[in-house]
Amino acid sequence: MRRICSFLIMVTVLCMLACPAFSEDSMQRIGIISAMQSEVKLLLSEAEIDRVDQVGGLDFHVGTLRGKPVVIVKAGIGKVLAAAGTATLLNRYDISEVIFTGVAGGVGDETKVLDIVVGTGLVQHDLGKLSNDGFEWFDGSDDIGGWFACDKNLIALALEAAVDTVGEDHVFQGVIATGDQFVASEQYVKHLQSDFNALACEMEGASVAAVCEQYGVPYVVLRTMSDKADGLAVSTYGAMVDTASDNSCRIVLKMLELMRDEQRPAA
Ligand code: SAH
């Protein structure tokens with residue numbers, strides 16, 4: 001009997017060690033992801049952080065923000081790191097929804113630097129076939145996934161929060177194009193506009209979306225324009241990235257304030 005008891009205790013301890021996030025914390029939380037530190041800096045300074053879980057080289061900040069239970073993570077730049085960070089987040093925590101916050105290049109004349117784009121759809125603009133005839137984009141099959149649609153309720157919430165924060169003249173909704181390139185080319189921006197009807201381009205949104213789709217977790221991508229993805233983009237981005245990052249964070253804070261408590265996990 002004693003042996004069985006100690007065996008059971010050992011198994012329980014081993015199970016707890018194997019999945020610490022669930023053993024320590026089974027609360028449902030809102031997942032907030034960014035690519036860069038500047039894009040979560042304001043959120044982290046406003047949050048009450050209970051603990052930081054280090055997994056796969058990432059810091060998962062677990063706590064509350066505007067009274068809502070959250071996990072905040074800077075996943076890194078580009079599609080690979082964004083997907084890896086999202087998968088770890090969704091694997092390890094009980095996430096009710098994902099909000100991606102960050103900066104992007106504005107596409108077309110409509111969006112100006114510091115304007116907001118709430119993604120309704122996301123597309124991987126660099127997905128396709130490269131042959132002797134050049135690059136040909138394709139959506140392919142379900143196994144590839146070129147296009148993704150953000151959650152309607154989260155889009156509505158993000159739009160309301162954005163209009164409240166920066167005024168409706170600076171808020172847009174539409175397609176965000178994702179690829180593993182910092183776009184700084186008028187010609188490529190025109191292609192993103194004409195072929196995908198994109199309003200913004202960045203390097204993570206569609207891959208976060210792809211992973212959220214796999215896990216069946218609703219998501220929205222929110223971007224403040226740091227540049228215009230044109231020939232001046234590198235210097236505009238350098239000058240504006242911090243302000244644009246903070247603006248996006250302010251909208252996330254407003255979203256959390258606007259979330260009705262009965263719809264959301266309790267802190
Ligand atoms: N300053 C970084 C590089 C940042 S890459 C360095 O040198 O290490 C740009 C980041 O901002 C990405 O996370 C991307 O999602 C977003 N972004 C802003 N403007 C962009 C643009 N014109 N094209 C693509 N991504 C852009």
Side-chain angles (χ1 to χ4, degrees), residues 32-44 57-59 72-86 89 98-119 121-127 135 137 148 150 158 170 172 174-212 219-249 251-252:
I32 301 174
I33 310 179
S34 79
M36 301 182 290
Q37 198 60 32
S38 68
E39 294 169 322
V40 281
K41 198 178 85 209
L42 185 63
L43 298 180
L44 291 176
L58 298 179
D59 288 343
I72 303 171
V73 62
K74 178 217 84 170
I77 296 169
K79 293 200 288 184
V80 172
L81 295 181
T86 308
L89 175 77
V98 166
I99 301 172
F100 188 100
T101 179
V103 302
V107 173
D109 296 334
E110 249 184 316
T111 50
K112 308 270 183 288
V113 172
L114 295 185
D115 282 351
I116 310 295
V117 174
V118 175
L122 289 125
V123 61
Q124 298 195 60
H125 65 77
D126 58 353
L127 186 72
F135 179 78
W137 186 85
F148 306 94
C150 293
H170 299 287
F172 297 85
V175 174
I176 296 178
T178 302
D180 273 324
Q181 300 84 19
F182 182 89
V183 179
S185 145
E186 280 87 5
Q187 196 192 340
Y188 200 76
V189 156
K190 281 202 184 95
H191 151 69
L192 293 178
Q193 191 180 18
S194 58
D195 289 18
F196 301 110
N197 199 23
L199 282 180
C201 63
E202 38 85 308
M203 301 172 68
E204 299 84 17
S207 67
V208 171
V211 177
C212 287
Y219 56 89
V220 70
V221 175
L222 171 69
R223 296 279 185 173
T224 302
M225 302 307 101
S226 53
D227 58 90
K228 287 290 293 170
D230 53 11
L232 299 171
V234 172
S235 63
T236 319
Y237 168 89
M240 302 312 288
V241 61
D242 288 338
T243 311
S245 296
D246 284 354
N247 281 7
S248 215
C249 287
I251 294 164
V252 175

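Counting starts at 1 for both ligands and their atoms, following the listed order. When a residue number appears, it is its place in the shown sequence, counting from 1.
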Is there at least one protein heavy-atom neighbour under 4.0 Å from atom 9 (C) of ligand 1?
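Looking at atom 9 (C) of ligand 1, one finds that a protein heavy atom does lie closer than 4.0 Å.
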Does some non-hydrogen atom of A233 fall short of 4.0 Å from ligand 1?
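No; A233 lies far enough from ligand 1 that no heavy-atom distance drops under 4.0 Å.
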Between K79 and T178, is any pair of side-chain heavy atoms under 4.5 Å apart?
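With C-beta onward as the side chain, the pair touches.
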List every atom of ligand 1 that sits less than 4.0 Å from any heavy atom of [X], numbering the atoms from 1 in the order shown and giving each element.
X: S226; value: 18 (C), 19 (N)
X: A35; value: 13 (O)
X: E202; value: 15 (O), 24 (C), 25 (N)

Between Y237 and F182, what is the ring plane arrangement, given parallel below 30°, perpendicular above 60°, and tilted in between?
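Geometry flag for F182 against Y237: perpendicular rings.
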Which value, rounded to the nearest 0.5 Å, describes the distance between C150 atom SG and I176 atom CD1?
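CD1 of I176 is found 6.5 Å from SG of C150.
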Looking at L89, V220, V221, which one forms a side-chain contact (heavy atoms from CB on, under 4.5 Å) with V98?
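Looking at L89, V220, V221, the match for V98 under the side-chain contact (heavy atoms from CB on, under 4.5 Å) is L89.
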Considering only the protein, which heavy-atom contact is closest to atom 24 (C) of ligand 1, and what is its distance?
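Answer, as residue, atom name and distance: Q181 O, 3.3 Å.
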So which heavy atom on Q124 is nearest to which on W137, and how close?
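Heavy-atom minimum between the residues: O-NE1, 2.6 Å.
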For ligand 1, indicate whether the residue [X] contacts it via side chain, backbone, both or neither (heavy-atom separation under 4.0 Å).
X: D227; result: side chain
X: R223; result: side chain
X: V103; result: both

Given M36, M203, E204, which one has a non-hydrogen atom that is nearest to atom 13 (O) of ligand 1?
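Closest candidate by heavy-atom distance is E204.
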